[in-house]
Amino acid sequence: MPELPEVETTRRGLYPHLVGRRVTDVVVRRAKLRWPVAEELQTVLPGQVVNAIERRAKYLLVHTAAGSPLLHLGMSGSLRVLPAAVKPELHDHVDWCLDNGHVLRFNDPRRFGCQLWQAPGTLHPLLQDLGPEPLGDDFSGRYLWNLSRARKAAVKLFLMDQRVVVGVGNIYAAEALYAAGIHPARAAGKVSAERYDRLAAEVRRILAYAIERGGTTLRDFISPDGQPGYFEQELFVYGRAGEPCRLCGGAVRSVTLGQRSTFYCARCQR
DNA sequence: CGACACACCTGGATGC
DNA sequence: TGCATCCAGGTGTGTC
């Protein structure tokens, strides 16, 4: 369930358990993730102390003096810190053994995630073409408007393009467009500056709110429990095809855009 | 470049 | 109950 809020929640949850800890060993049970687990995870990481955990887009960078593991959770990945004695289960692909008797355990049924390596002083190629952080100062309605002028693609696909802005996945793209009153299939180049201002504001508001709500799942990193509960109740359109729009009562519709399900209200979004 | 289809993988829900 | 089909929160890659 990793969209940007979940990745940020993961970062915050891992921070107190990892920073200052030494990695003593790395156990790879299944190396074949989206890409093979980087060799450096086993040849360089053991012995290193974690200095910080950074999030860039939906990636996590675990900084050490010798380099930084670059992690992505894909569609189904999760990271937890557990006592080393807890037996690994199906799809627990990688363990980082820590110097306090715990392990950082990576579980990912679909294996779309990855564990790569960024050498000190370099920027990993996967991070090179990313757009601005949606919660940062470089992201604004004006920025979106400027970049979109010649674009014919649907505004939803534009918003989900990680070169345009990072971190907006299928759920939050639908929710932000709904909140901004913009039809997801509208050509990106035909959205006005004013409406992009609204859209940028809604993206920020919704992501920030979700991160705030994600905070309640921090305990999961020690004792796994249920899923974060914020979305089911708080989504306005995502996954609600056929159900009434919470504002106008009209039926929420579903269409496919860019091979992804897209939900919207035809009355509230133009 | 931009736009788009496809690929990667497993599991859960649904339908017959 | 068993089996086929469809769908899922991401994103790099290849083609036009």
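Residue numbers start from 1 in every chain, and the chains themselves are labelled A, B, ... in the order their sequence lines are given, proteins ahead of strands. Because the structure is predicted, anything quoted here is derived from the model rather than measured.
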In whole angstroms, how far is the [atom2] atom of [N] from the [atom1] atom of [X]?
X	N	atom1	atom2	answer
A:Met160	C:dG10	CE	P	6 Å
A:Lys156	B:dA3	NZ	C1'	15 Å
A:Leu257	C:dC7	CG	P	15 Å
A:Leu147	B:dA3	CG	P	10 Å
A:Asp108	C:dT11	CG	P	13 Å
A:Leu159	B:dG2	CG	P	16 Å

(message) Which heavy atom of A:His63 sits nearest to which heavy atom of A:Ser68, and what is that distance?
(response) ND1-OG, 2.7 Å
(message) Taking the P atom in each of B:dG11 and C:dG12, what is the distance between them to the nearest angstrom?
(response) 25 Å
(message) Could you tell me how far C:dT11 sits from B:dG12 if I compare only their C1' atoms? Round to whole Å.
(response) 23 Å
When you check the phosphate oxygens OP1 and OP2 of [N], does a side-chain N or O of [X] lie under 4.0 Å from one of them?
X	N	value
A:Ser76	C:dA8	no
A:Lys32	B:dC9	yes
A:Lys58	C:dT11	yes
A:His72	C:dT11	yes

(message) For C:dA8, does the base pair up with any side-chain atom of A:Arg110 as donor and acceptor (N or O, under 3.5 Å, distance only)?
(response) yes
(message) What I want to check is whether an N or O donor and acceptor connect the side chain of A:Arg111 with the base of B:dT10 at under 3.5 Å.
(response) no
Give one of base, sugar-phosphate or nothing for [X], where a contact means two heavy atoms less than 4.0 Å apart.
X	value
A:Arg260	base
A:Leu90	sugar-phosphate
A:Leu126	sugar-phosphate
A:Tyr59	sugar-phosphate

(request) Determine which nucleotide pairs with C:dA8, using a 3.5 Å limit on both distances of a Watson-Crick or G-U wobble pair. (result) B:dT10
(request) Report yes if the ring of A:Phe112 lies under 5.5 Å from the six-membered base ring of C:dT11 with planes under 30°, and no otherwise. (result) no
(message) Of the listed nucleotides (B:dC4, C:dG10, B:dA3), which one gets closest to any side-chain atom of A:Arg151?
(response) B:dA3
